[in-house]
Number of protein chains: 2
Amino acid sequence: MDSFTRLSRRPSLTDDISQKLSRMILDGKLVAGEQLPTEQSLAESFGVARTVVREAISRLKHDGLVDSRQGVGAFVAEPSARSAFRISPACFEKRQKLLEILQLRTGITSEAAGLAAVHRTDADLQFMDTAYDNMERALSGGDAAAEKHVLAERSFYQRIAEASGNQYILEFLSMLDTRIDMELRSVAMKNARVTEWSAEVLAEHKAVLEAIRAQDETAASQAVRYHYSLAAQRLADRADLADT
Amino acid sequence: MDSFTRLSRRPSLTDDISQKLSRMILDGKLVAGEQLPTEQSLAESFGVARTVVREAISRLKHDGLVDSRQGVGAFVAEPSARSAFRISPACFEKRQKLLEILQLRTGITSEAAGLAAVHRTDADLQFMDTAYDNMERALSGGDAAAEKHVLAERSFYQRIAEASGNQYILEFLSMLDTRIDMELRSVAMKNARVTEWSAEVLAEHKAVLEAIRAQDETAASQAVRYHYSLAAQRLADRADLADT
DNA sequence: TGTCTTCTTGTTGTCTGACAACCTGTTTTT
DNA sequence: AAAAACAGGTTGTCAGACAACAAGAAGACA
(Lines give C-alpha, C1' and ligand atoms only; values in the text may rest on other atoms or scores of the structure.)
Protein backbone atom coordinates (compact mmCIF):
# COMPACT_ATOMS: atom_id res chain seq x y z
CA MET A 1 0.00 0.00 0.00
CA ASP A 2 1.31 3.39 -0.85
CA SER A 3 1.75 5.79 1.94
CA PHE A 4 -0.69 8.28 0.51
CA THR A 5 -3.37 5.64 0.50
CA ARG A 6 -3.52 5.73 4.26
CA LEU A 7 -5.25 8.93 5.12
CA SER A 8 -5.53 8.27 8.80
CA ARG A 9 -2.07 9.12 10.01
CA ARG A 10 -0.25 12.35 9.51
CA PRO A 11 2.47 11.59 7.00
CA SER A 12 5.88 11.56 8.54
CA LEU A 13 8.93 13.13 6.98
CA THR A 14 10.07 9.72 5.88
CA ASP A 15 6.77 9.11 4.11
CA ASP A 16 7.13 12.41 2.37
CA ILE A 17 10.68 11.91 1.18
CA SER A 18 9.97 8.34 0.18
CA GLN A 19 7.09 9.48 -1.95
CA LYS A 20 9.08 12.32 -3.49
CA LEU A 21 11.91 10.01 -4.46
CA SER A 22 9.70 7.33 -5.93
CA ARG A 23 7.82 9.92 -7.94
CA MET A 24 11.10 11.24 -9.29
CA ILE A 25 11.86 7.77 -10.55
CA LEU A 26 8.36 6.96 -11.77
CA ASP A 27 8.08 10.27 -13.59
CA GLY A 28 11.33 9.62 -15.33
CA LYS A 29 13.28 12.48 -13.82
CA LEU A 30 15.78 9.85 -12.85
CA VAL A 31 16.51 7.49 -15.71
CA ALA A 32 17.14 3.80 -15.16
CA GLY A 33 20.75 3.07 -14.37
CA GLU A 34 21.38 6.62 -13.33
CA GLN A 35 23.06 7.23 -10.03
CA LEU A 36 21.05 8.93 -7.33
CA PRO A 37 22.53 11.93 -5.59
CA THR A 38 24.42 10.95 -2.49
CA GLU A 39 22.46 10.52 0.70
CA GLN A 40 24.10 13.56 2.18
CA SER A 41 23.29 15.83 -0.73
CA LEU A 42 19.73 14.50 -0.82
CA ALA A 43 19.43 15.21 2.88
CA GLU A 44 20.66 18.73 2.35
CA SER A 45 18.47 19.44 -0.66
CA PHE A 46 15.40 18.10 1.14
CA GLY A 47 16.36 19.79 4.36
CA VAL A 48 16.23 16.65 6.46
CA ALA A 49 18.68 14.42 8.25
CA ARG A 50 20.49 11.66 6.51
CA THR A 51 18.64 9.03 8.52
CA VAL A 52 15.37 10.15 6.98
CA VAL A 53 16.78 9.86 3.50
CA ARG A 54 18.19 6.47 4.37
CA GLU A 55 14.83 5.17 5.59
CA ALA A 56 13.18 6.45 2.44
CA ILE A 57 15.76 4.86 0.18
CA SER A 58 15.50 1.70 2.20
CA ARG A 59 11.86 1.50 1.19
CA LEU A 60 12.69 2.09 -2.45
CA LYS A 61 15.27 -0.66 -2.31
CA HIS A 62 12.69 -2.94 -0.80
CA ASP A 63 10.33 -2.04 -3.62
CA GLY A 64 13.01 -2.77 -6.18
CA LEU A 65 13.05 0.75 -7.48
CA VAL A 66 16.68 1.41 -6.64
CA ASP A 67 19.70 -0.73 -6.01
CA SER A 68 22.62 0.40 -3.93
CA ARG A 69 26.18 -0.76 -3.64
CA GLN A 70 28.23 0.06 -0.62
CA GLY A 71 31.08 2.35 -1.41
CA VAL A 72 29.68 3.27 -4.80
CA GLY A 73 26.21 4.71 -4.65
CA ALA A 74 22.53 4.08 -5.26
CA PHE A 75 21.21 3.56 -8.74
CA VAL A 76 17.79 3.56 -10.33
CA ALA A 77 16.85 -0.02 -11.05
CA GLU A 78 15.96 -1.21 -14.51
CA PRO A 79 12.23 -1.15 -15.24
CA SER A 80 12.34 -4.88 -15.75
CA ALA A 81 13.22 -5.22 -12.09
CA ARG A 82 10.26 -3.18 -10.94
CA SER A 83 7.07 -5.09 -11.37
CA ALA A 84 3.76 -3.38 -11.95
CA PHE A 85 2.25 -5.71 -9.40
CA ARG A 86 3.31 -6.80 -6.02
CA ILE A 87 1.93 -9.61 -3.97
CA SER A 88 2.20 -9.76 -0.24
CA PRO A 89 4.26 -12.63 1.16
CA ALA A 90 1.31 -13.30 3.42
CA CYS A 91 -0.45 -14.93 0.50
CA PHE A 92 1.68 -17.99 0.84
CA GLU A 93 1.37 -18.32 4.58
CA LYS A 94 -0.63 -21.48 4.45
CA ARG A 95 -0.13 -24.07 1.84
CA GLN A 96 -3.85 -24.42 1.40
CA LYS A 97 -3.98 -20.93 0.04
CA LEU A 98 -1.67 -21.90 -2.76
CA LEU A 99 -4.56 -23.51 -4.55
CA GLU A 100 -6.38 -20.20 -4.59
CA ILE A 101 -3.34 -18.53 -6.07
CA LEU A 102 -3.32 -21.16 -8.77
CA GLN A 103 -6.96 -20.44 -9.53
CA LEU A 104 -6.06 -16.82 -9.93
CA ARG A 105 -3.33 -17.76 -12.32
CA THR A 106 -5.71 -19.97 -14.23
CA GLY A 107 -7.97 -17.07 -15.04
CA ILE A 108 -5.17 -14.87 -16.24
CA THR A 109 -3.40 -17.54 -18.21
CA SER A 110 -6.54 -18.54 -20.02
CA GLU A 111 -7.18 -14.93 -20.90
CA ALA A 112 -3.60 -14.70 -22.12
CA ALA A 113 -4.09 -17.72 -24.34
CA GLY A 114 -7.27 -16.29 -25.79
CA LEU A 115 -5.57 -13.02 -26.58
CA ALA A 116 -2.57 -14.82 -27.97
CA ALA A 117 -4.81 -16.73 -30.33
CA VAL A 118 -6.01 -13.43 -31.71
CA HIS A 119 -2.83 -11.39 -31.73
CA ARG A 120 -0.13 -13.94 -32.29
CA THR A 121 2.38 -13.38 -35.04
CA ASP A 122 4.25 -16.11 -36.82
CA ALA A 123 7.31 -15.24 -34.81
CA ASP A 124 5.34 -15.70 -31.59
CA LEU A 125 4.22 -19.09 -32.80
CA GLN A 126 7.75 -20.08 -33.54
CA PHE A 127 8.80 -19.20 -30.01
CA MET A 128 5.96 -21.25 -28.62
CA ASP A 129 6.87 -24.20 -30.80
CA THR A 130 10.40 -24.07 -29.53
CA ALA A 131 9.22 -23.86 -25.94
CA TYR A 132 6.94 -26.81 -26.52
CA ASP A 133 9.77 -28.84 -27.97
CA ASN A 134 11.82 -28.06 -24.91
CA MET A 135 9.05 -29.38 -22.71
CA GLU A 136 8.85 -32.52 -24.73
CA ARG A 137 12.57 -33.03 -24.60
CA ALA A 138 12.71 -32.38 -20.87
CA LEU A 139 10.16 -35.11 -20.32
CA SER A 140 12.28 -37.71 -22.01
CA GLY A 141 14.80 -37.29 -19.22
CA GLY A 142 12.47 -38.93 -16.73
CA ASP A 143 12.17 -37.90 -13.12
CA ALA A 144 15.69 -36.59 -13.07
CA ALA A 145 14.68 -33.78 -15.39
CA ALA A 146 11.61 -32.84 -13.39
CA GLU A 147 12.79 -29.40 -12.50
CA LYS A 148 13.94 -28.82 -16.03
CA HIS A 149 10.47 -29.66 -17.24
CA VAL A 150 8.88 -27.28 -14.79
CA LEU A 151 11.07 -24.50 -16.10
CA ALA A 152 10.26 -25.40 -19.69
CA GLU A 153 6.57 -25.37 -18.91
CA ARG A 154 6.83 -21.98 -17.33
CA SER A 155 8.73 -20.73 -20.33
CA PHE A 156 6.01 -22.04 -22.61
CA TYR A 157 3.28 -20.09 -20.89
CA GLN A 158 5.49 -17.08 -20.68
CA ARG A 159 5.71 -17.13 -24.46
CA ILE A 160 1.95 -17.23 -24.60
CA ALA A 161 1.71 -14.29 -22.27
CA GLU A 162 4.14 -12.39 -24.46
CA ALA A 163 2.13 -13.19 -27.55
CA SER A 164 -0.99 -11.85 -25.87
CA GLY A 165 0.43 -8.40 -26.36
CA ASN A 166 -0.71 -7.44 -22.90
CA GLN A 167 2.08 -6.14 -20.77
CA TYR A 168 0.23 -6.45 -17.49
CA ILE A 169 -0.77 -10.02 -18.03
CA LEU A 170 2.83 -10.84 -18.75
CA GLU A 171 4.09 -9.04 -15.71
CA PHE A 172 1.50 -10.43 -13.38
CA LEU A 173 2.08 -13.97 -14.51
CA SER A 174 5.82 -13.79 -14.22
CA MET A 175 5.51 -12.28 -10.78
CA LEU A 176 3.20 -15.05 -9.69
CA ASP A 177 5.49 -17.69 -11.13
CA THR A 178 8.48 -16.24 -9.39
CA ARG A 179 6.76 -16.19 -6.06
CA ILE A 180 5.23 -19.61 -6.44
CA ASP A 181 8.60 -21.00 -7.34
CA MET A 182 10.15 -19.47 -4.28
CA GLU A 183 7.57 -21.06 -2.07
CA LEU A 184 7.38 -24.42 -3.74
CA ARG A 185 10.84 -25.16 -4.89
CA SER A 186 12.05 -26.28 -1.51
CA VAL A 187 8.94 -28.24 -0.72
CA ALA A 188 7.73 -30.03 -3.74
CA MET A 189 9.44 -29.18 -6.96
CA LYS A 190 12.64 -31.03 -6.40
CA ASN A 191 10.99 -34.34 -5.77
CA ALA A 192 8.29 -33.87 -8.31
CA ARG A 193 7.51 -37.02 -10.21
CA VAL A 194 6.57 -36.05 -13.69
CA THR A 195 6.68 -39.41 -15.38
CA GLU A 196 3.38 -40.51 -13.88
CA TRP A 197 1.33 -38.14 -15.94
CA SER A 198 3.78 -36.75 -18.42
CA ALA A 199 1.94 -37.92 -21.51
CA GLU A 200 -1.43 -36.51 -20.65
CA VAL A 201 0.02 -33.24 -19.45
CA LEU A 202 1.91 -32.77 -22.66
CA ALA A 203 -1.28 -33.40 -24.58
CA GLU A 204 -2.98 -30.65 -22.61
CA HIS A 205 -0.25 -28.21 -23.50
CA LYS A 206 -0.41 -29.32 -27.08
CA ALA A 207 -4.11 -28.51 -27.20
CA VAL A 208 -3.34 -24.98 -26.07
CA LEU A 209 -0.64 -24.60 -28.66
CA GLU A 210 -2.77 -25.86 -31.52
CA ALA A 211 -5.71 -23.65 -30.56
CA ILE A 212 -3.44 -20.65 -30.65
CA ARG A 213 -2.00 -21.76 -33.94
CA ALA A 214 -5.51 -22.05 -35.34
CA GLN A 215 -6.29 -18.62 -33.90
CA ASP A 216 -9.27 -20.06 -32.07
CA GLU A 217 -9.72 -17.75 -29.12
CA THR A 218 -12.35 -19.73 -27.28
CA ALA A 219 -10.60 -23.03 -27.72
CA ALA A 220 -7.33 -21.60 -26.51
CA SER A 221 -8.69 -20.19 -23.30
CA GLN A 222 -10.72 -23.32 -22.68
CA ALA A 223 -7.69 -25.54 -23.22
CA VAL A 224 -5.77 -23.59 -20.62
CA ARG A 225 -8.63 -23.79 -18.18
CA TYR A 226 -8.89 -27.50 -18.78
CA HIS A 227 -5.21 -28.04 -18.15
CA TYR A 228 -5.19 -26.07 -14.96
CA SER A 229 -8.28 -27.73 -13.59
CA LEU A 230 -6.53 -31.07 -13.97
CA ALA A 231 -3.30 -29.64 -12.62
CA ALA A 232 -5.09 -28.41 -9.53
CA GLN A 233 -6.57 -31.83 -9.05
CA ARG A 234 -3.17 -33.46 -9.34
CA LEU A 235 -1.78 -31.01 -6.86
CA ALA A 236 -4.53 -31.70 -4.39
CA ASP A 237 -3.82 -35.42 -4.64
CA ARG A 238 -0.20 -34.94 -3.70
CA ALA A 239 0.46 -35.82 -0.10
CA ASP A 240 3.38 -33.47 0.36
CA LEU A 241 1.20 -30.50 -0.42
CA ALA A 242 -1.81 -31.54 1.57
CA ASP A 243 -0.23 -30.93 4.97
CA THR A 244 -0.81 -27.79 6.96
CA MET B 1 10.12 -7.46 -4.76
CA ASP B 2 11.43 -8.70 -1.48
CA SER B 3 15.03 -8.30 -0.67
CA PHE B 4 15.71 -11.99 -0.59
CA THR B 5 14.56 -12.23 -4.16
CA ARG B 6 17.67 -10.45 -5.29
CA LEU B 7 20.42 -12.95 -4.92
CA SER B 8 23.10 -10.79 -6.43
CA ARG B 9 23.90 -8.55 -3.54
CA ARG B 10 25.06 -9.64 -0.14
CA PRO B 11 22.12 -9.01 2.15
CA SER B 12 22.69 -6.12 4.46
CA LEU B 13 21.84 -6.11 8.13
CA THR B 14 18.74 -4.09 7.35
CA ASP B 15 17.60 -6.69 4.84
CA ASP B 16 18.12 -9.36 7.43
CA ILE B 17 16.25 -7.65 10.23
CA SER B 18 13.47 -6.59 7.88
CA GLN B 19 12.98 -10.15 6.81
CA LYS B 20 13.12 -11.47 10.36
CA LEU B 21 10.47 -9.02 11.51
CA SER B 22 8.11 -9.63 8.64
CA ARG B 23 8.44 -13.34 9.14
CA MET B 24 7.58 -12.92 12.82
CA ILE B 25 4.39 -11.22 11.77
CA LEU B 26 3.58 -13.54 8.89
CA ASP B 27 4.23 -16.62 10.98
CA GLY B 28 1.84 -15.37 13.59
CA LYS B 29 4.38 -14.93 16.36
CA LEU B 30 3.09 -11.40 16.56
CA VAL B 31 -0.68 -11.28 16.45
CA ALA B 32 -2.55 -8.49 14.71
CA GLY B 33 -3.04 -5.50 16.94
CA GLU B 34 -0.23 -6.56 19.20
CA GLN B 35 2.43 -4.05 20.04
CA LEU B 36 5.90 -4.69 18.77
CA PRO B 37 8.79 -4.53 21.19
CA THR B 38 10.30 -1.10 21.39
CA GLU B 39 12.88 -0.20 18.82
CA GLN B 40 15.56 -0.14 21.46
CA SER B 41 14.75 -3.58 22.82
CA LEU B 42 14.54 -4.95 19.29
CA ALA B 43 17.92 -3.45 18.56
CA GLU B 44 19.37 -5.05 21.65
CA SER B 45 17.82 -8.45 21.06
CA PHE B 46 18.98 -8.47 17.45
CA GLY B 47 22.35 -7.06 18.37
CA VAL B 48 22.16 -4.13 15.97
CA ALA B 49 21.81 -0.40 16.20
CA ARG B 50 18.45 1.27 16.48
CA THR B 51 18.85 2.85 13.06
CA VAL B 52 18.89 -0.58 11.47
CA VAL B 53 15.73 -1.58 13.28
CA ARG B 54 14.13 1.68 12.24
CA GLU B 55 14.94 1.16 8.57
CA ALA B 56 13.52 -2.34 8.77
CA ILE B 57 10.33 -1.19 10.45
CA SER B 58 10.09 1.61 7.95
CA ARG B 59 9.83 -0.99 5.22
CA LEU B 60 7.17 -2.90 7.11
CA LYS B 61 5.17 0.26 7.57
CA HIS B 62 5.44 0.94 3.86
CA ASP B 63 4.19 -2.57 3.20
CA GLY B 64 1.28 -2.02 5.53
CA LEU B 65 2.36 -4.77 7.87
CA VAL B 66 2.76 -2.54 10.88
CA ASP B 67 1.44 0.82 11.91
CA SER B 68 3.24 3.06 14.35
CA ARG B 69 2.12 5.97 16.42
CA GLN B 70 4.63 8.41 17.74
CA GLY B 71 4.88 8.33 21.48
CA VAL B 72 2.99 5.06 21.76
CA GLY B 73 4.58 2.28 19.78
CA ALA B 74 4.39 0.16 16.69
CA PHE B 75 1.58 -2.29 16.22
CA VAL B 76 0.94 -5.21 13.91
CA ALA B 77 -1.59 -4.10 11.31
CA GLU B 78 -4.84 -5.92 10.81
CA PRO B 79 -4.70 -8.44 7.98
CA SER B 80 -7.48 -6.53 6.26
CA ALA B 81 -5.19 -3.53 6.07
CA ARG B 82 -2.46 -5.48 4.34
CA SER B 83 -3.77 -5.93 0.85
CA ALA B 84 -2.47 -8.95 -0.95
CA PHE B 85 -1.75 -7.10 -4.16
CA ARG B 86 -0.34 -3.78 -5.10
CA ILE B 87 -0.36 -2.16 -8.47
CA SER B 88 1.97 0.56 -9.52
CA PRO B 89 0.33 3.89 -10.30
CA ALA B 90 2.37 3.96 -13.46
CA CYS B 91 0.00 1.39 -14.95
CA PHE B 92 -2.62 4.01 -15.59
CA GLU B 93 -0.33 6.60 -17.08
CA LYS B 94 -1.62 6.28 -20.58
CA ARG B 95 -5.22 5.75 -21.33
CA GLN B 96 -4.35 3.22 -23.95
CA LYS B 97 -3.02 0.97 -21.25
CA LEU B 98 -6.40 0.93 -19.59
CA LEU B 99 -7.64 -1.53 -22.16
CA GLU B 100 -4.91 -3.94 -21.17
CA ILE B 101 -5.91 -3.61 -17.54
CA LEU B 102 -9.46 -4.43 -18.54
CA GLN B 103 -8.26 -7.54 -20.33
CA LEU B 104 -6.52 -8.58 -17.18
CA ARG B 105 -9.73 -8.09 -15.27
CA THR B 106 -11.64 -10.08 -17.85
CA GLY B 107 -9.55 -13.14 -17.23
CA ILE B 108 -9.93 -12.98 -13.49
CA THR B 109 -13.61 -12.18 -13.52
CA SER B 110 -14.38 -15.02 -15.85
CA GLU B 111 -12.46 -17.37 -13.60
CA ALA B 112 -14.40 -16.00 -10.64
CA ALA B 113 -17.68 -16.69 -12.39
CA GLY B 114 -16.65 -20.22 -13.19
CA LEU B 115 -15.67 -20.87 -9.61
CA ALA B 116 -18.83 -19.21 -8.36
CA ALA B 117 -20.88 -21.55 -10.52
CA VAL B 118 -19.29 -24.45 -8.71
CA HIS B 119 -19.10 -23.18 -5.17
CA ARG B 120 -22.08 -20.87 -4.87
CA THR B 121 -24.45 -21.31 -1.99
CA ASP B 122 -28.09 -20.32 -2.05
CA ALA B 123 -27.22 -17.33 0.06
CA ASP B 124 -24.63 -16.25 -2.52
CA LEU B 125 -27.23 -16.55 -5.22
CA GLN B 126 -29.63 -14.42 -3.27
CA PHE B 127 -27.01 -11.68 -2.96
CA MET B 128 -26.39 -11.83 -6.68
CA ASP B 129 -30.08 -11.63 -7.43
CA THR B 130 -30.37 -8.55 -5.30
CA ALA B 131 -27.38 -6.98 -6.99
CA TYR B 132 -28.87 -7.74 -10.37
CA ASP B 133 -32.17 -6.17 -9.39
CA ASN B 134 -30.29 -3.08 -8.34
CA MET B 135 -28.65 -2.90 -11.75
CA GLU B 136 -31.99 -3.24 -13.45
CA ARG B 137 -33.55 -0.57 -11.28
CA ALA B 138 -30.63 1.78 -11.83
CA LEU B 139 -31.13 1.51 -15.57
CA SER B 140 -34.71 2.67 -15.40
CA GLY B 141 -33.43 6.03 -14.19
CA GLY B 142 -31.96 6.78 -17.58
CA ASP B 143 -28.73 8.62 -18.14
CA ALA B 144 -29.02 10.44 -14.88
CA ALA B 145 -28.50 7.22 -12.99
CA ALA B 146 -25.47 6.23 -15.01
CA GLU B 147 -23.06 6.36 -12.15
CA LYS B 148 -25.47 4.50 -9.95
CA HIS B 149 -25.61 1.76 -12.52
CA VAL B 150 -21.86 1.53 -12.69
CA LEU B 151 -21.73 1.04 -8.96
CA ALA B 152 -24.47 -1.56 -9.10
CA GLU B 153 -22.63 -3.41 -11.81
CA ARG B 154 -19.46 -3.42 -9.79
CA SER B 155 -21.35 -4.68 -6.80
CA PHE B 156 -22.80 -7.47 -8.90
CA TYR B 157 -19.42 -8.77 -9.94
CA GLN B 158 -18.10 -8.33 -6.46
CA ARG B 159 -20.80 -10.70 -5.27
CA ILE B 160 -19.65 -13.18 -7.86
CA ALA B 161 -16.08 -12.84 -6.69
CA GLU B 162 -17.21 -13.46 -3.14
CA ALA B 163 -19.13 -16.53 -4.19
CA SER B 164 -16.04 -17.89 -5.88
CA GLY B 165 -14.66 -18.60 -2.46
CA ASN B 166 -11.27 -17.37 -3.58
CA GLN B 167 -9.94 -14.64 -1.38
CA TYR B 168 -7.24 -13.50 -3.79
CA ILE B 169 -9.56 -13.15 -6.72
CA LEU B 170 -11.84 -11.04 -4.58
CA GLU B 171 -9.01 -8.87 -3.36
CA PHE B 172 -7.43 -8.43 -6.74
CA LEU B 173 -10.68 -7.50 -8.39
CA SER B 174 -11.64 -4.99 -5.75
CA MET B 175 -8.20 -3.47 -5.91
CA LEU B 176 -8.43 -3.16 -9.68
CA ASP B 177 -11.91 -1.69 -9.47
CA THR B 178 -10.83 0.84 -6.92
CA ARG B 179 -7.91 1.96 -8.99
CA ILE B 180 -9.83 2.02 -12.24
CA ASP B 181 -12.52 4.06 -10.61
CA MET B 182 -9.97 6.52 -9.35
CA GLU B 183 -8.63 6.95 -12.83
CA LEU B 184 -11.85 6.93 -14.80
CA ARG B 185 -14.38 8.64 -12.62
CA SER B 186 -13.28 12.09 -13.58
CA VAL B 187 -12.90 11.34 -17.23
CA ALA B 188 -15.65 9.13 -18.43
CA MET B 189 -17.92 7.77 -15.81
CA LYS B 190 -19.86 10.90 -15.07
CA ASN B 191 -20.97 11.49 -18.59
CA ALA B 192 -21.46 7.85 -19.43
CA ARG B 193 -24.48 7.24 -21.57
CA VAL B 194 -25.93 3.95 -20.54
CA THR B 195 -29.29 4.12 -22.25
CA GLU B 196 -27.85 3.38 -25.70
CA TRP B 197 -26.98 -0.17 -24.86
CA SER B 198 -28.66 -0.75 -21.55
CA ALA B 199 -30.88 -3.57 -22.72
CA GLU B 200 -28.20 -5.67 -24.30
CA VAL B 201 -25.77 -5.10 -21.44
CA LEU B 202 -28.32 -6.22 -18.93
CA ALA B 203 -28.91 -9.33 -20.97
CA GLU B 204 -25.22 -10.09 -20.83
CA HIS B 205 -25.19 -9.83 -17.07
CA LYS B 206 -28.31 -11.93 -16.91
CA ALA B 207 -26.57 -14.67 -18.85
CA VAL B 208 -23.79 -14.72 -16.27
CA LEU B 209 -26.27 -14.87 -13.43
CA GLU B 210 -28.27 -17.70 -14.92
CA ALA B 211 -25.18 -19.75 -15.71
CA ILE B 212 -24.10 -19.46 -12.10
CA ARG B 213 -27.57 -20.34 -10.95
CA ALA B 214 -27.48 -23.42 -13.15
CA GLN B 215 -24.01 -24.21 -11.78
CA ASP B 216 -22.67 -24.36 -15.30
CA GLU B 217 -18.99 -23.51 -14.89
CA THR B 218 -18.10 -23.21 -18.53
CA ALA B 219 -21.14 -21.17 -19.45
CA ALA B 220 -20.53 -18.79 -16.58
CA SER B 221 -16.94 -18.02 -17.48
CA GLN B 222 -17.84 -17.76 -21.15
CA ALA B 223 -20.67 -15.37 -20.43
CA VAL B 224 -18.33 -13.10 -18.55
CA ARG B 225 -15.80 -13.21 -21.31
CA TYR B 226 -18.50 -12.42 -23.84
CA HIS B 227 -19.71 -9.45 -21.86
CA TYR B 228 -16.28 -8.01 -21.42
CA SER B 229 -15.32 -8.45 -25.03
CA LEU B 230 -18.33 -6.39 -26.00
CA ALA B 231 -17.63 -3.92 -23.21
CA ALA B 232 -14.09 -3.43 -24.48
CA GLN B 233 -15.46 -2.81 -27.94
CA ARG B 234 -17.90 -0.23 -26.66
CA LEU B 235 -15.13 1.42 -24.75
CA ALA B 236 -12.93 1.58 -27.80
CA ASP B 237 -15.73 3.22 -29.75
CA ARG B 238 -16.06 6.00 -27.24
CA ALA B 239 -14.37 9.15 -28.36
CA ASP B 240 -13.56 10.45 -24.90
CA LEU B 241 -11.44 7.42 -24.22
CA ALA B 242 -9.73 7.23 -27.54
CA ASP B 243 -7.58 10.28 -27.01
CA THR B 244 -3.97 10.09 -25.87
C1' DT C 1 57.21 2.04 -20.73
C1' DG C 2 54.28 -1.03 -18.38
C1' DT C 3 52.58 -3.20 -14.33
C1' DC C 4 51.87 -3.75 -9.70
C1' DT C 5 51.23 -1.73 -5.19
C1' DT C 6 49.77 1.68 -2.19
C1' DC C 7 47.33 5.70 -1.08
C1' DT C 8 43.56 8.77 -1.28
C1' DT C 9 38.94 9.91 -1.75
C1' DG C 10 34.12 9.30 -1.79
C1' DT C 11 29.93 6.57 -0.72
C1' DT C 12 27.12 3.44 1.68
C1' DG C 13 26.40 0.78 6.06
C1' DT C 14 26.35 0.91 10.93
C1' DC C 15 26.91 2.77 15.51
C1' DT C 16 26.20 6.12 19.30
C1' DG C 17 24.12 9.74 21.70
C1' DA C 18 21.05 13.31 22.01
C1' DC C 19 16.81 15.94 21.68
C1' DA C 20 12.01 16.99 19.89
C1' DA C 21 7.22 15.52 19.47
C1' DC C 22 3.86 12.91 21.28
C1' DC C 23 0.93 9.87 24.17
C1' DT C 24 -0.54 7.99 28.62
C1' DG C 25 -1.10 7.58 33.26
C1' DT C 26 -0.13 9.88 37.73
C1' DT C 27 0.07 13.48 40.75
C1' DT C 28 -0.94 17.91 42.21
C1' DT C 29 -3.70 21.92 42.30
C1' DT C 30 -7.90 24.39 42.24
C1' DA D 1 -14.51 16.20 41.54
C1' DA D 2 -12.44 18.33 37.73
C1' DA D 3 -8.69 20.48 35.64
C1' DA D 4 -3.91 21.28 35.20
C1' DA D 5 0.79 20.14 35.68
C1' DC D 6 4.13 16.44 35.92
C1' DA D 7 6.75 12.16 34.80
C1' DG D 8 7.96 8.39 32.09
C1' DG D 9 8.24 6.01 27.95
C1' DT D 10 8.15 5.66 22.75
C1' DT D 11 8.63 7.14 18.20
C1' DG D 12 10.61 10.74 15.01
C1' DT D 13 14.50 13.41 13.85
C1' DC D 14 19.05 15.23 14.17
C1' DA D 15 24.18 15.30 14.36
C1' DG D 16 28.52 13.23 14.22
C1' DA D 17 31.57 9.50 13.90
C1' DC D 18 33.66 5.27 12.23
C1' DA D 19 33.74 0.82 9.50
C1' DA D 20 33.33 -1.46 5.00
C1' DC D 21 33.93 -1.06 0.48
C1' DA D 22 34.91 0.46 -4.38
C1' DA D 23 37.25 3.11 -7.75
C1' DG D 24 40.65 5.99 -9.32
C1' DA D 25 45.30 8.40 -8.55
C1' DA D 26 49.85 8.36 -7.49
C1' DG D 27 54.00 6.26 -6.92
C1' DA D 28 57.43 2.10 -6.90
C1' DC D 29 59.68 -1.08 -9.45
C1' DA D 30 60.81 -4.09 -13.27
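Here the structure is a predicted model, which means the values were calculated and not measured. Every chain is numbered from 1, with letters handed out A, B, ... down the list of sequences.
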Distance, rounded to the nearest Å, where [X] contributes [atom1] and [N] contributes [atom2]:
X: B/Arg54; N: C/dG17; atom1: CZ; atom2: P; answer: 18 Å
X: B/Leu42; N: D/dG12; atom1: CG; atom2: P; answer: 13 Å
X: B/Leu36; N: D/dT11; atom1: CG; atom2: C1'; answer: 12 Å
X: B/Gln40; N: D/dG12; atom1: CD; atom2: P; answer: 14 Å

Under the side chain to side chain contact (heavy atoms under 4.5 Å, CB included) test, residues paired with A/Ser41 that sit two or more places apart: A/Pro37, A/Thr38

Set of side chain to side chain contact (heavy atoms under 4.5 Å, CB included) partners for B/Glu44, sequence neighbours left out: B/Gln40

Trace of the side chain to side chain donor-acceptor pair (under 3.5 Å) decision for A/Asp133 with A/Thr130: CA-CA 5 Å; A/Asp133 289 343; A/Thr130 308; 5.7 Å; no

Below 4.0 Å: OP1/OP2 of D/dT10 and any side-chain N or O of B/Ser68: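 For D/dT10, OP1/OP2 do not have a side-chain N/O of B/Ser68 under 4.0 Å.
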
Pair B/Asp15-B/Ser18, side-chain donor/acceptor within less than 3.5 Å: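 No donor-acceptor contact under 3.5 Å links the two side chains.
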
List every contact pair, protein side and nucleotides 9-11 of chain C side both N or O, where the distance is under 3.5 Å.
residue	atom	partner	partner atom	Å
C/dG10	N2	A/Gly71	O	3.0
C/dT11	O2	A/Gly71	N	3.2

Pair of N/O donor and acceptor under 3.5 Å linking C/dG17 base with B/Arg50 side chain: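 For B/Arg50, whose side chain was compared with the base of C/dG17, there is no donor-acceptor pair (under 3.5 Å).
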
Whether A/His227 and A/Tyr157 hold their rings parallel, tilted or perpendicular, with breakpoints at 30° and 60°: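 The arrangement is parallel - the two ring planes meet at less than 30°.
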
